[in-house]
Amino acid sequence: MISNRPLLRVKDLEISYYHKPIVQNISFELFAGEMVAITGPSGCGKSVTAHAMVGMLGDRWKVTKGQMIYNDQIINFLDEKEWQRFRRKEISLLIQESLNGLNPIRTIKKQMVETLRLRQKWKSKELEEYLHSLLNQVGFSHPNLILSSYPFELSGGMRQRILLAMMVSMKPKILIADEPTTALDAINREKVLTLLKKLQKDYQLTILLISHDQQSINKYANRIIQMNAGGVTS
Ligand SMILES: Nc1ncnc2c1ncn2[C@@H]1O[C@H](COP(=O)(O)OP(=O)(O)OP(=O)(O)O)[C@@H](O)[C@H]1O
Ligand SMILES: [Mg+2]
């Protein structure tokens, strides 16, 4: 069920690089439990906006106007420590480069365990069971095989699904997926998008899908936000 109160409101946002406004007039709302797509021409500011929403703009970037309001709290001015907590608990950002974020010389199991332990302490049997159920949820029927693998032994689509499993394990309220399927072939693209849709339903997860892929957007998103060089107002 989609709630009638916005979980996140972005109001007239302006983001600048070295004091020069790069992205302007960004306004939209996200409601709990919906999958919203943002689409628009290359360079219009989709990724920069996504990074601003999780406090991951680089040093030279700044939100210079407007507000981001999460659950009635203005989040523009969080400090680094607060953003870290926010990213762990509230909004996760999945970017294409996260694929490189998997450590090449450590098994999937080691990396997943590390992520799970960030959130809570685990007894080893429970941890093992949870890992298996997470991997089942993202479509792996033989979790042990995956857990003992190194990233290079897996395809791009498989790695993407593992990253999704890791993000889901953090139980964020909003997942922003920035072009999650561009590097994938048609079959894996379907798999990842179907999975996102399933996660949206199973966990009431709010998903912001940034994509150029009009066909997928039409098929999977509840709503589409059109962005262009002048911004977006809705
Ligand atoms: N690291 C950077 N340094 C300077 N300018 C940047 C940087 N990253 C992005 N920009 C500029 O910010 C603007 C918005 O870029 P952004 O990456 O958000 O676009 P996008 O909508 O995500 O495009 P795409 O669809 O190609 O991913 C562009 O004009 C781009 O040139
Ligand atoms: Mg982008």
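Note that ligands are numbered from 1 as they come in the structure, with each ligand's atoms numbered from 1 the same way.
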Closest protein heavy atom to atom 26 (O) of ligand 1, given as residue, atom name and distance to 0.1 Å: S42 OG, 2.5 Å

Walk me through it: do V232 and Q226 pass the test side-chain contact (heavy atoms from CB on, under 4.5 Å)? CA-CA 7 Å; V232 47; Q226 180 68 42; over 6 Å; no

Whether S47 has an N, O or S atom under 2.8 Å from the Mg ion (ligand 2): yes

I would like to know whether S47 and D178 meet side-chain hydrogen bond (donor to acceptor under 3.5 Å, both in side chains); could you show each step before the answer? CA-CA 7 Å; S47 297; D178 191 357; 2.6 Å; yes

Criterion side-chain hydrogen bond (donor to acceptor under 3.5 Å, both in side chains) on Y220 and E190, from CA distance to verdict: CA-CA 10 Å; Y220 292 97; E190 274 305 293; 2.8 Å; yes

If hydrogens are left out, which of S47, A52, A229 has an atom nearest to atom 17 (O) of ligand 1, that is, the closest non-hydrogen atom? S47

With a 4.0 Å cut-off on heavy atoms, is H212 touching ligand 1? yes

In terms of heavy-atom contacts, I26 and G231 come closest through CD1-CA, 3.8 Å

Classify the contact between I22 and ligand 1 as side chain, backbone, both or neither, using a heavy-atom distance cut-off of under 4.0 Å. side chain

Closest protein heavy atom to atom 18 (O) of ligand 1, given as residue, atom name and distance to 0.1 Å: V48 N, 2.9 Å

What verdict does the side-chain hydrogen bond (donor to acceptor under 3.5 Å, both in side chains) test give for Y203 and Q137, after you've listed the backbone C-alpha separation in whole Å, the side-chain angles of each residue and the deciding distance to 0.1 Å? CA-CA 12 Å; Y203 295 96; Q137 280 171 57; 2.3 Å; yes

Below a 4.0 angstrom heavy-atom separation, can you tell me which part of W61, side chain or backbone, both or neither, approaches ligand 1? side chain

Do protein heavy atoms approach atom 14 (C) of ligand 1 to less than 4.0 Å? yes

For the pair Q200 and K197, evaluate side-chain hydrogen bond (donor to acceptor under 3.5 Å, both in side chains) and give the outcome as yes or no after the intermediate values. CA-CA 5 Å; Q200 179 204 355; K197 200 72 199 167; 3.0 Å; yes

Within-cut-off N or O pair, V23 and ligand 1, under 3.5 Å: no

Counting only heavy atoms, which portion of R60 has something under 4.0 Å from ligand 1: side chain, backbone, both, or neither? neither

Decide yes or no for M112 and L134: does some side-chain heavy atom of the first lie under 4.5 Å from some side-chain heavy atom of the second? yes

Can you classify the ring geometry of Y70 versus F86 as parallel (below 30°), tilted (30 to 60°) or perpendicular (above 60°)? perpendicular

Any protein heavy atom lying closer than 4.0 Å to atom 31 (O) of ligand 1? no

Nearest protein heavy-atom contact for atom 28 (C) of ligand 1: which residue, which atom, what distance? G43 O, 3.4 Å

Which ligand 1 atoms, with their elements, are less than 4.0 angstrom from a heavy-atom of G45? 14 (C), 16 (P), 18 (O), 19 (O), 20 (P), 21 (O)

Identify whether NZ of Lys or CZ of Arg in R161 sits under 6.0 Å from the centre of the six-membered ring of F140 and within 45° of that ring's axis. yes

